[in-house]
Engineer: 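I'd like to ask you about the structure that follows.
Every chain is numbered from 1, with letters handed out A, B, ... down the list of sequences.
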Amino acid sequence: MIHLLIVGVLVVVATLGLGLLLTQTGILPAQASQQAITIDWLFDIHFWFIAFFVALICVIIVYSLIVFRRKQGEKGDGVYMHGNQRLEIIWTIVPIGIVLWMAVIGGQTLSDVERRDPQAITVDVFASQWSWRFQYEVTTAEGVQTAVASDVLVLPRNQQALLRLHSQDVIHSFYVPEFRVKQDILPGGEKYVRELRITPNTNGTYTVQCAEICGQGHYSMLAEVQVVDGAEFTSWLTEQAADCNLSDAECGLRWAETFGCLGCHSLDGTAKIGPTWLGLFGHAVELTDGSTVTADHNYLLTSIVDPNAQIVAGYQPNVMPQNFDELLSEEQINQIVAFIESLGN
Amino acid sequence: MRFFSTSFFRGLIAQAAGTVLGMGLVMALRVIFGLPLSSPVEADDAHIREVIVVGGVIVGAITFMIGAGVFTDWFKWARGEETSDDHTPDPSKPNWMRYFSVDFDHKVIGVQYGVTSLLLLLFGGIFAMLFRIELSGSGITFLNSEIFKVLLGYDGPHLYNTLMSLHGIVMIAGILLGVGAMSNYLVPMLIGANDMAFPRLNAFAFWINVPGAAILLSSLFFGGFDTGWVGYPPLSLRAPLGMQMFLIGVYLVGLSSIAGSINVIVTTLTMRAKGMSMFKMPIFCWAALATALLQFTATQLIGLSFQLVMLERLLGMTFFDSLKGGDPVLYQHLFWFYSHPAVYVFILPGLGVISELLPVFSRKPLYGTRWVALSSFGIAVVSFFVWAHHMFVSGMSPFLRIPFMYSTLLVAVPTGVKFFSWAATLWQGKIIFKTPMLFALGAVVIFLLGGVTGPPLATIATDLHLHDTWFVVGHFHDTMFGGFIFPFVAAIFYWFPKMTGRMYNEKQGKIQFWLMFIGFMLMSNLQLVLGLLGMRRRVVDFDAALGFDSMQLALTIGGFMVFFGMLLFAYNIIRSWTKGEVAEGNVWDSRSPEWQKPNPMPLHNYEHPFEVVGEPYDYGLPNSRYVNMNPAGESPAAH
């Protein structure tokens, strides 16, 4: 009986120690959304259960190993006790009760996390190997509906954002640790568009990560998220909605950022998943079939709209998306070509 | 050189010849049907090459089996010839040759499984160490080394993805073979049978793994693959040719699971010794039976899903590519319908070993034997209804997630019964710290971590954060090390005298235990913490600004401790096999029938069937025994 008493005290002490360690030492990232608050509440419940069960089993085992070990020169067997039906029933029924309760609160937190706000702003998220693009619907001052694309996800604070997730090739997953939620992104058009609701509550800069392995560039499939005040968000959106009134090459840079070109093509001469754009225009390029072509205007244009036509030696086919002629207007493509030309020398 | 006349060597030669033959066959068929053998368009050319190579590889696997002689008896039967049922080995050949040849003795097959398993675990471990070196700091450095480009034709992120994917699947193949090793070696011996019910099927089930493993590993040289071990389409439809080697290799290993499980089920149900009712059967056999039922009923689904991906790649049939009208989520359902129960296939035999060893080394009955036995079945049954918890963020029907949350949390109940029973078994025992016991105790603690990290993944809201992070990696490694690696090592040490007639080196065993236990704790707890902090899995690089560098370095050190521990294990068993101290009699003072026989176990186990006269684990009950080895009458010397 004295053994049970000591073990009982040790279990309580160990539970408190472990529980405080898990809940108070910041092993979860910063909270930056309403959803994170709800989810972390459930995490804390889990942490206390983990602390209790680890303490219970480990204390009994470690105590037994010390107190009930076979001493030097000792012979014979342990105490003969082969089981206790009542005890077995208790440690079956009680856990059933606990897990059912867990499941009930699990369901409740889930419905909190996914609660719909009819006022939510909609952002279309386009994921492709290996870049992100975020598209907003805006009405301009002239009352024209237009779409604004960005490579940065800007969200207003304290307003629910409804992200509609589109993939253009394979499965990706939208994940911002500070928001605590993620959702896989499926290819295949409207039927496969999935939704994710986030209510950011802290201004700051975060990172969207792709959380589902999507090929060799998976590790670098990142994008910036900015949570800003509502007013700042509105003015940012208005600014984006204005036509690109810069030079062709400067507009080209903007589209190259927005549509993820720079995820694979560097501007500083380093070889990434695709060839660099620095010093490309006007120079000779060796292809996989051994021939050599000059990177002129037509070559650049073809490489964007039909990327498999000419593969540069040392690079893989089927890596670049083949639908840029659908995603971009003719003007935008020409501006990107103008931008690459400007990097020629 | 006798080695050249072994089944192993002849099989490999036949496989190489068969592969060439098969490729020629596909090319001939293409010519007959007027299809081109090459194409100026690179993508089409790659596809034609893939069709030809895959055809060759499949034929090669079949010719391996013919060349090794696995089908010989069946061919004879088909021709109406008689074959001998006597499997006594040819005395003119040295004993080691049996292990490289088709042999029908369950103990030989068990050792074959075990050694192949350890080799695969070694390969999986090497892959892990390679990418652990890369991950010990931010930035991509090691895997960009020139040597990889020269050896394999690729490096950097794709090499990381390939190594990470192969680590997963090669370990899984190794674990499946380890499970086969334990079931084959132990089940007939523990229930008093002289062999498995179908010895030829048993040999088939082992040997199909050899071409399977060879093909799986060859994927490294066919461009690798970058999908992780799950192989989700559409990514797996675009991956290099190495993807096909992965699919075919796993397919063959899966065939082994199905064939092997039939044997275990029939053997445990029909060949038990006199007096051995189900509840007097040793607990390991309960676990093996539950495992075999899972393998027998679930493995078909992974075979099916992989076959569909193969057909989609080879013949352009659209099953999963949603851009062409397929459904990518369907694959995940098929895949996890096997791959979740598969996890219990990996752990149940290990949990059986723990339950088997704790009573012997605590000198006490296994607490609540029936409950422990039935909890294996409880886990097995529930495991069929939880697969979609791998898909909480996959985009499947949102409402379906709720019932899967309930069923998943229920797994905790039978698992809890095991923990409580183990703890109660140790209570007031007379605990002896031999190496097998240390590994069994280590397994309990590690598996406990795997158990308690399950519920946060089961409740959907918290899984939204944890899914596809290192937390899942940590949870999975906890279950695999606690449920398989540690118990497997414990089992090999424990039954080592039975296999070889010699003792392992106790001191090296204890050093290995502490190396692995401390290294693993470091590794898996850091994995869990990194996941909670939001580090996603399957990435070759991470932002230095996240501040994960020092943790990743420590994780690498932990990983290497585990790796070196396993190398020490290999050294210990290889050396002790021939040089160990001779171990005679009932080394562990066990009640189990196999320890009442000499070491190593005689060729046909029990010439005289024994009779079960008591409970298997009644340590501490005076004047009781489990088996009467000579039921025909007490030995004449007693009179």
Engineer: Please classify the contact of B:Leu237 with chain A as side chain, backbone, both or neither, using a heavy-atom distance under 4.5 Å.
Structural biologist: neither

Engineer: Quick one: what part of B:Thr162 sits under 4.5 Å from any heavy atom of chain A, side chain, backbone, both or neither?
Structural biologist: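 Contact with chain A involves no heavy atom of B:Thr162 at all.
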
Engineer: B:Trp371 and A:Gln85: which non-hydrogen atoms are nearest, and at how many Å?
Structural biologist: NE1-OE1, 3.1 Å

Engineer: Which atoms of B:Ile402 are under 4.5 Å from chain A, going by heavy atoms: the side chain, the backbone, both sets, or neither?
Structural biologist: side chain

Engineer: Assign the ring pair B:His465 / A:Phe43 to parallel, tilted or perpendicular, where the plane angle (0 to 90°) is split at 30° and 60°.
Structural biologist: perpendicular

Engineer: Less than 4.5 Å to any heavy atom of chain A: does that hold for the side chain of B:Asp321, its backbone, both, or neither?
Structural biologist: neither

Engineer: Does any backbone or side-chain atom of B:Ala412 lie under 4.5 Å from a heavy atom of chain A? Answer side chain, backbone, both or neither.
Structural biologist: side chain

Engineer: Return the orientation label for the A:Trp91 and B:Tyr367 ring planes: parallel under 30°, perpendicular over 60°, tilted otherwise.
Structural biologist: tilted

Engineer: Using heavy-atom distances under 4.5 Å, tell me whether B:Phe419 contacts chain A through its side chain, its backbone, both, or neither.
Structural biologist: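 Both parts, backbone and side chain.
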
Engineer: So, B:Asn161 side chain and A:Gly215 main chain: donor-acceptor pair closer than 3.5 Å or not?
Structural biologist: yes

Engineer: For B:Met391, is it the side chain, the backbone, both or neither that has a heavy atom under 4.5 Å from a heavy atom of chain A?
Structural biologist: neither

Engineer: Could you look at B:Ser362 and say if it's the side chain, the backbone, both or neither that has a heavy atom under 4.5 Å from chain A?
Structural biologist: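 Only the backbone of B:Ser362 comes within 4.5 Å of chain A.
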
Engineer: Using a 3.5 Å distance criterion without hydrogens, assess whether the side chain of B:Arg536 forms a donor-acceptor pair with backbone atoms of A:Cys210.
Structural biologist: yes

Engineer: Which answer fits B:Pro40, side chain, backbone, both or neither, if we ask what part of it has an atom under 4.5 Å from a heavy atom of chain A?
Structural biologist: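 Contact with chain A is absent: no heavy atom of B:Pro40 under 4.5 Å.
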
Engineer: Checking heavy atoms, do the side chain of B:Leu426, its backbone, both or neither come under 4.5 Å from chain A?
Structural biologist: both

Engineer: How are the rings of B:Phe420 and A:Phe53 set relative to one another: parallel (under 30°), tilted (30 to 60°) or perpendicular (over 60°)?
Structural biologist: tilted

Engineer: Please state whether the side chain, the backbone, both or neither of B:Val329 comes within less than 4.5 Å of a heavy atom of chain A.
Structural biologist: side chain

Engineer: State which residue, out of B:Lys430, B:Arg363, B:Lys364, fulfils the side chain to side chain contact (heavy atoms under 4.5 Å, CB included) condition with A:Asp77.
Structural biologist: B:Arg363

Engineer: Using a cut-off of under 4.5 Å for heavy-atom pairs, which of B:Glu615, B:Arg401, B:Arg537 has the most such pairs with chain A?
Structural biologist: B:Arg401

